[in-house]
Amino acid sequence: MADRRAGILLPLFSLRSPRDWGVGELGDLGRWCAWQASAGHTVLQLLPIAEIGGHESSPYAALSAFALDPLYLALGEVEDFAAAGGEAALGTAARRDLETARAARTIDRERIRRVKGEALALAYAHFQAHEAASGSRRSRAFERFVEAERWWLDDYVLFRALARQHDERAWTEWPVELRTRNPVALEHARLALAPVRRFLAWVQWQLAGQWERARRDALAAGVQVFGDIPFMVSGNSADVWARPHEFRLDATIGAPPDAFSPEGQDWGLPIIRWDVMRSGDHAWWRDRCRRAAALFDGVRLDHVLGYYRVYERPCEGPPFFDPADEGAQRARGEALLEVAAEAAGSLELIGEDLGSVPDFVRQSLARLAVPGFRVLRWEHDWGVFRDPRGYPELSVATSGTHDTSSLATWWEDELTPEGRRALGLLPSFRTLRDGRERLTPPVHAALLAGLYDAGSALVVLPFMDAYGGKERINVPSTVSAANWSYRVPWNVDELRGERGAVLAAQLHELACASGRFR
């Protein structure tokens, strides 16, 4: 991580284009990376892009650790959809849904999934009739994909086909022979649901093709795409259903009480039985890292503390840390991160070490050469800010995360006058010593310049902080239509215009002045 670099944090769902269906899509990722490269920022940090449930909005509660979310598929670039008639072939209700989704200010995921589902059904019917029936080149390419990805695809498509058969109810509500994976029942299901399984595999093939094109475009522009590995998947996931002996559903994980959440947090996610996985050489964990290495240039390991210890919340009884002993925590965390490094090869690993993280964990990450985060607003002791120039090289400096308010909101509405003056005492922020309350262009520029001057090898800027907006991605421990619905103010075509050029020039100057782009 020795090279100084700058990057942008932007969820894939936040992209916007004149062509999208109400949500960011893979077809626009390459165009975004071309603009980002013109801004001198060579890392794009995404949030998780794995498939989530139809009524879910958080990308951290996946139905699968391996499958990409069809929500992100650009239907305009699906060859079979165009051949089937495109948008004009959709039913009246679907076209109305599409118009509504495109006009919405937030992301209406259920509506988008509904209309994209109809479009995919039309496209697949065309593929079956005109490609599969003739054994065409594309049909053979699909078969090769199914064979190459069988190691994760088989469980996923069977799980999703069964969920459809049971009205999308959780697998814990399926008939007992399917819940317990009776071999005879599973074989019967495979045969009976073969057409649905094949359709689901075809959708993943379409996603794989669009992802490969997006990655090629990003690399051609000089941008590395970083992913995000959630610490856990949903209890209602293909992974937990397929490996029930490696997970526990009699408790959930969360976080203990702290200054931000006095009662602690319950994330509603199951417990990983790392001891059982160890007896199988951590096969599932290795597979997750292997999959990540195939998709990304680097990954942020969400809640890296969880690999060392988890805060268990049993259905009955008080919560507790497991393991309880620091020595056991250190041993487990380092073993799992070493497995990750081995399985992921050249994939860059970044540890999300935020919150109440013991010192020994950060020391352990440093020994393993896994950088953690330095979030400007939290880097202080008793009101005395730490100068970003002193941040360790092996770290990622940032103004905020997907769970925080924006830089503008923090400066104007959350930071006290004393806090603003305290920050201005640092050499990196000396132009802020007058404690001005508004995020004027000079104040904004000074905050970013100080952050980019950090000793950290990598700076990652949430995109709303690049232009001084007050939008935010998520408010933790809340359920709201606004959560996970942030979209950039300009579409990828507009970014090529004057406003995008001005912003790109400002970011380019920041990256160059701080030695993060040459």
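Every heavy atom of this structure was used, including side-chain atoms; hydrogens, water molecules and symmetry mates were not. Sequential numbering from 1 along the given sequence is applied to the chain's residues.
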(message) One pair to check against salt bridge (charged side-chain N to carboxylate O under 4.0 Å, His left out): D3 and R516. What are the steps and the verdict?
(response) CA-CA 8 Å; D3 291 341; R516 300 183 183 279; over 6 Å; no
(message) Hydrogens and angles aside, do Y60 and E56 bring a side-chain donor and acceptor to less than 3.5 Å of each other?
(response) no
(request) Take R332 and R278, measure what side chain to side chain contact (heavy atoms under 4.5 Å, CB included) needs, and give me the verdict at the end. (result) CA-CA 10 Å; R332 188 176 79 181; R278 185 173 62 246; 5.9 Å; no
(message) With rounding to the nearest 0.5 angstrom, report the CG to CD1 distance, D302 to I350.
(response) 13.0 Å
(request) Give a yes-or-no answer on whether the side chains of E334 and S364 include a donor-acceptor pair shorter than 3.5 Å. (result) yes
(message) So if I apply the salt bridge (charged side-chain N to carboxylate O under 4.0 Å, His left out) rule between D28 and each of R487, R213, R19, which one comes out positive?
(response) R19
(request) Run the ring-centre check on W267 versus H303 and record whether the distance is less than 6.0 Å. (result) yes
(request) Applying salt bridge (charged side-chain N to carboxylate O under 4.0 Å, His left out) between E412 and each of R436, R420, R438, report the one that passes. (result) R438
(request) Using a strict 4.0 Å threshold on nitrogen-to-oxygen distance, state whether R386 and D381 make a salt bridge. (result) yes
(request) Verify, without hydrogens or angle tests, whether R286 (side chain) and D281 (backbone) share a donor-acceptor contact under 3.5 angstrom. (result) yes
(request) Indicate the atoms forming the closest heavy-atom contact of V460 with Q45, along with that distance. (result) CG1-CB, 4.2 Å
(message) Quick check: do D322 and R309 have side-chain heavy atoms less than 4.5 Å from each other?
(response) no
(request) Please name the pair of heavy atoms, one in H402 and one in L47, separated by the smallest distance, quoted to 0.1 Å. (result) ND1-CD2, 3.8 Å
(message) Regarding E414 and S405, do their side chains bring together a donor and an acceptor under 3.5 Å, going by distance alone?
(response) yes
(request) Give a yes or no on whether the ring-centroid distance for F247 and W284 is below 6.0 angstrom. (result) yes
(message) Taking R362's backbone N and O only, do any of them form a donor-acceptor pair with D353's side chain (distance below 3.5 Å, no angle check)?
(response) no
(message) Tell me the closest heavy-atom pair linking A62 and I52, and the distance in Å.
(response) CA-CG2, 4.1 Å
(message) Checking the side chain of S395 only, and the main-chain atoms of Y391 only, is there a donor and an acceptor separated by less than 3.5 Å?
(response) no
(request) Ignoring hydrogens and angles, tell me if any N or O in the side chain of D325 forms a donor-acceptor pair with the backbone of G327 under 3.5 Å. (result) yes
(message) Could you tell me if N491 and S17 have a donor-acceptor pair between their side chains, going purely by distance under 3.5 Å?
(response) no
(request) Verify the neighbour count for atom CZ of R518: are there more than 12 heavy atoms of other residues, nucleotides or ligands below 6.0 Å? (result) no
(message) Quick check against the 3.5 Å criterion: does E51 have a side-chain atom that pairs as donor or acceptor with the backbone of L63?
(response) no
(message) Are there over 12 heavy-atom neighbours, none belonging to E263, within less than 6.0 Å of that residue's CD?
(response) no
(message) Check whether S456 reaches the backbone of V459 with its side chain - one donor and one acceptor, N or O, closer than 3.5 Å.
(response) no
(message) Any non-hydrogen side-chain atom of R300 less than 4.5 Å from a side-chain atom of E348?
(response) no
(request) Give a yes or no on this: more than 12 heavy atoms of other residues, nucleotides or ligands lie within 6.0 Å of atom CG of D359. (result) no
(request) Return the minimal non-hydrogen interatomic distance between R288 and P230, and the atom names on each side. (result) NH2-O, 2.9 Å
(request) Please work out which of the three classes, parallel, tilted or perpendicular, describes the rings of H508 and F517, given edges at 30° and 60°. (result) perpendicular
(request) State plainly whether the residues R16 and E25 are in salt-bridge range, i.e. N to O under 4.0 Å. (result) no
(message) Ignoring hydrogens, what is the shortest heavy-atom contact between M277 and I272? Give both atom names and the distance.
(response) CE-CG2, 3.6 Å
(request) Sorted by first residue and then second, give each salt bridge (Lys or Arg N to Asp or Glu O under 4.0 Å) pair with at least one member in residues 448-459; sequence neighbours left out. (result) R389-D453
(message) Looking at R499, I'd like to know if its CZ atom is crowded, meaning that more than 12 non-hydrogen atoms belonging to other residues, nucleotides or ligands lie closer than 6.0 Å.
(response) yes
(request) Walk me through it: do D413 and K470 pass the test salt bridge (charged side-chain N to carboxylate O under 4.0 Å, His left out)? (result) CA-CA 10 Å; D413 304 332; K470 283 198 168 185; 3.0 Å; yes
(request) Apply salt bridge (charged side-chain N to carboxylate O under 4.0 Å, His left out) to the pair R113 and D69, showing each step before the final yes or no. (result) CA-CA 10 Å; R113 288 189 190 282; D69 199 325; 2.8 Å; yes
(request) Mark yes or no: R291 above the aromatic ring of F66, with NZ or CZ under 6.0 Å from the six-membered ring centre and no more than 45 degrees from the axis. (result) no
(message) For W274, is there any backbone N or O sitting under 3.5 Å from a side-chain donor or acceptor partner on E246?
(response) no
(message) Go through it in stages, so that I can follow the logic: the residues are R421 and D434, the test is salt bridge (charged side-chain N to carboxylate O under 4.0 Å, His left out), and I'd like the CA-CA distance, side-chain angles, deciding distance and then a yes or no.
(response) CA-CA 7 Å; R421 286 192 291 271; D434 61 3; over 6 Å; no
(request) Go through the steps for N483 and S58 under the test side-chain hydrogen bond (donor to acceptor under 3.5 Å, both in side chains), then give the verdict. (result) CA-CA 8 Å; N483 284 348; S58 170; over 6 Å; no
(request) Flag the pair F296 / F226 as yes when their ring centroid distance falls below 6.0 Å, and as no otherwise. (result) no
(request) Count the heavy atoms belonging to other residues, nucleotides or ligands that lie under 6.0 Å from CD of E437, then report whether that count exceeds 12. (result) no
(message) When you measure from the side chain of S428 to the backbone of P388, do you find a donor-acceptor pair of N or O atoms at a distance under 3.5 Å?
(response) no
(request) Quick one: pull up CD1 in I112 and OG1 in T100 and give me the separation to the nearest 0.5 Å. (result) 11.0 Å
(message) Using only atom types and a distance under 3.5 Å, with no angle test, would you say the side chain of E352 pairs donor to acceptor with the backbone of L354?
(response) yes
(request) Would you check if the distance from the ring center of F463 to the ring center of W32 is below 6.0 Å? (result) yes
(message) Quiz question: by atom type and distance under 3.5 Å, do the side chains of S406 and T409 form a donor-acceptor pair?
(response) yes
(message) Does the structure place the NZ or CZ of R4 under 6.0 Å from the centre of the six-membered ring of Y452, at an angle of no more than 45° from the ring's axis?
(response) no
(message) Looking at every non-hydrogen atom in both residues, tell me the closest pair between I229 and A292 and how far apart they are.
(response) CD1-CB, 3.9 Å
(message) Would the distance check show the side chain of D465 and the main-chain N or O of G468 forming a donor-acceptor pair, the cut-off being under 3.5 Å?
(response) no
(message) Is the distance from the ring center of Y307 to that of F231 below 6.0 Å?
(response) yes
(message) Quick check: W21 with Y72 (ring centres under 6.0 Å apart)?
(response) no
(message) I'd like to know if R215 and D297 make a salt bridge, using a cut-off of under 4.0 Å between side-chain N and carboxylate O.
(response) yes
(request) Examine the side chains of D287 and W152 and answer whether a donor and an acceptor come within less than 3.5 Å of each other. (result) no
(message) Does E509 have more than 12 heavy atoms from other residues, nucleotides or ligands lying within 6.0 Å of its CD?
(response) no
